[in-house]
Amino acid sequence: MATINDNYLKLKAGYLFPEIARRVNAFAETNANAKVIRLGIGDVTEPLPEACRTAMIKAVEDMGNRDDFKGYGPEQGYAWLREKIAKHDFQSRGCDVDASEIFISDGSKCDCGNILDIFGNNNTIAVTDPVYPVYVDTNVMAGHTGDVNEKGEYGGLVYLPISADNNFTAEIPSQKVDLIYLCFPNNPTGATASKEHLKAWVDYARSNGSIIFFDAAYEAFISDPDIPHSIYEIEGARDCAIEFRSFSKNAGFTGTRCALTVVPKTLTGSSADGSSVEIWKLWNRRQSTKFNGVSYIVQRGAEAVYSEEGKAQTKALIDFYMENAKIIREKLTEAGISVYGGVNAPYVWVKTPNSLSSWDFFDKLLHTCNVVGTPGSGFGAAGEGYFRISAFNSRANVEEAMKRITEKFPIT
Ligand code: MLT
């Protein structure tokens, strides 16, 4: 009989968001009249910007005539999109990122997992706790961890706790780690990192030969001018960091699918015989072999984000969701609940009231208010006692959800 990848058997029951959907569907089946408001998974609700739609319609027309028709595109993405990204997202902020170092993909989640293909199996890996579960689960799948304990921690991983005590930014480890996952603005806590904090990580990585996986999927939600949007705003980051970005949240592409990963050509890792190898070459080889690129139509839609109209329309989307975040913060604070994040990030990180566990609060909120959020413990052991509320929804739903929570939820 064919054997399976036994590492999958180490995974906890289900991926967090499908597990939430399962519980919500079970509730909805027996409560058919309940109008459930979903502030759980960070999925966008507002329509695609007009500039992106217009560009994609035009691209569909291109595909309908022989002269403009496109077959396979470059596995790395079309040069016109990569050049716009390099100019607008990086060079405009003083980051030394060349278009050839940008790889277009169908999602940051996929890239965060796929990147492990090009790294060895014996690296020491650090993640924050709580953390976006994809970083942990993909390492479990790849066989980079031991078994899970009763707290949900996997053997072999280095967990860096983040809490209100350290402003949800991890202490630099005293031990040497090889790969470090950082996410700013942070999912799930909504925290941001100062330049000084990122510099401390870059200095650490450079002196230990480590590589930082920097997930900047939420950078567009930063409004504070002092907060860096990219790790490459920090000197030396080209030698120690890979950055992941996405069009999902800024331009509403969760269902359209387009993202990017930056792999600087100056970044190196060590082969088994100790020689230094360019990471860019490995990622380029991996993508050329396992990926055929994002569709021409979608890349044209992503390109439109950088037009004048596209910039204005994506800014309006971001402002809209951030106003939701403000309403969530204010209403919950008025109700006596402690909240964090939600200022430069679309997630509000809530201390569960009445000392409830994360899942107990989830169940109570679902049954009492018909509102769905994400249990903090789903993001790691240190997320226990917290709850994440997403600002991605319509204004009417956010206002209604806050009304229900403040009026119906018994906070003692
Ligand atoms: C989340 O809710 O954490 C996000 O939707 C996850 C993702 O973008 O994959």
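Whatever order the structure lists them in is the order used to number ligands and atoms, beginning at 1. Side-chain atoms are counted along with the backbone in the values below, which use heavy atoms only and exclude waters and symmetry mates.
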Examine ligand 1 and decide if any of its atoms is less than 4.0 Å from a heavy atom belonging to Phe379.
no
Lys/Arg N to Asp/Glu carboxylate O, Arg238 vs Glu101, below 4.0 Å
yes
Look at atom 9 (O) of ligand 1 and say which protein heavy atom is nearest, naming residue and atom and giving the distance to 0.1 Å.
Tyr132 OH, 2.5 Å
Relative to Phe320, does Arg395 satisfy both conditions: NZ or CZ under 6.0 angstrom from the six-membered ring centre, and within 45 degrees of the ring's axis?
yes
If you count heavy atoms of other groups shown closer than 6.0 angstrom to CD of Glu46, is the number above 12?
yes
So if I count the atoms of ligand 1 from 1 in the order they appear, which ones are less than 4.0 Å from some heavy atom of Lys109?
9 (O)
State the atoms of ligand 1, each with its element, that fall below the 4.0 Å cut-off from a heavy-atom position in Ile41.
2 (O), 5 (O)
Indicate yes or no: does Asp363 engage Arg23 in a salt bridge with an N to O separation below 4.0 Å.
yes
Which of the atoms of ligand 1 are close to Tyr347, meaning less than 4.0 Å from one of its heavy atoms?
1 (C), 2 (O), 3 (O), 4 (C)
Would Lys311 pass as a cation-pi partner of Tyr306, given that its NZ or CZ must be under 6.0 Å from the six-membered ring centre and within 45 degrees of the axis?
no
Do Lys315 and Asp319 sit within salt-bridge range, that is, some charged N less than 4.0 Å from a carboxylate O?
yes
Have a look at ligand 1 and work out which part of Asn187, if any, has a heavy atom under 4.0 Å from it: side chain, backbone, both or neither.
side chain
Which of the numbered atoms in ligand 1 are below 4.0 angstrom from a heavy atom of Phe17?
1 (C), 2 (O), 3 (O)
Check each heavy atom of Tyr218 against ligand 1 and say whether those closer than 4.0 Å belong to the side chain, the backbone, both or neither.
side chain
Is the closest N or O pair between Gly42 and ligand 1 shorter than 3.5 Å?
yes
Between Glu19 and Arg22 (salt bridge meaning N to carboxylate O under 4.0 Å), is one present in this structure?
yes
For Arg388, counting its heavy atoms only, list the atoms of ligand 1 lying under 4.0 Å from any of them.
1 (C), 2 (O), 3 (O)
Trp280 vs Phe103 aromatic rings, parallel, tilted or perpendicular, using cut-offs 30° and 60°?
tilted
Checking a contact table here: which protein heavy atom is nearest atom 8 (O) of ligand 1, and how many Å away?
Lys249 NZ, 2.8 Å
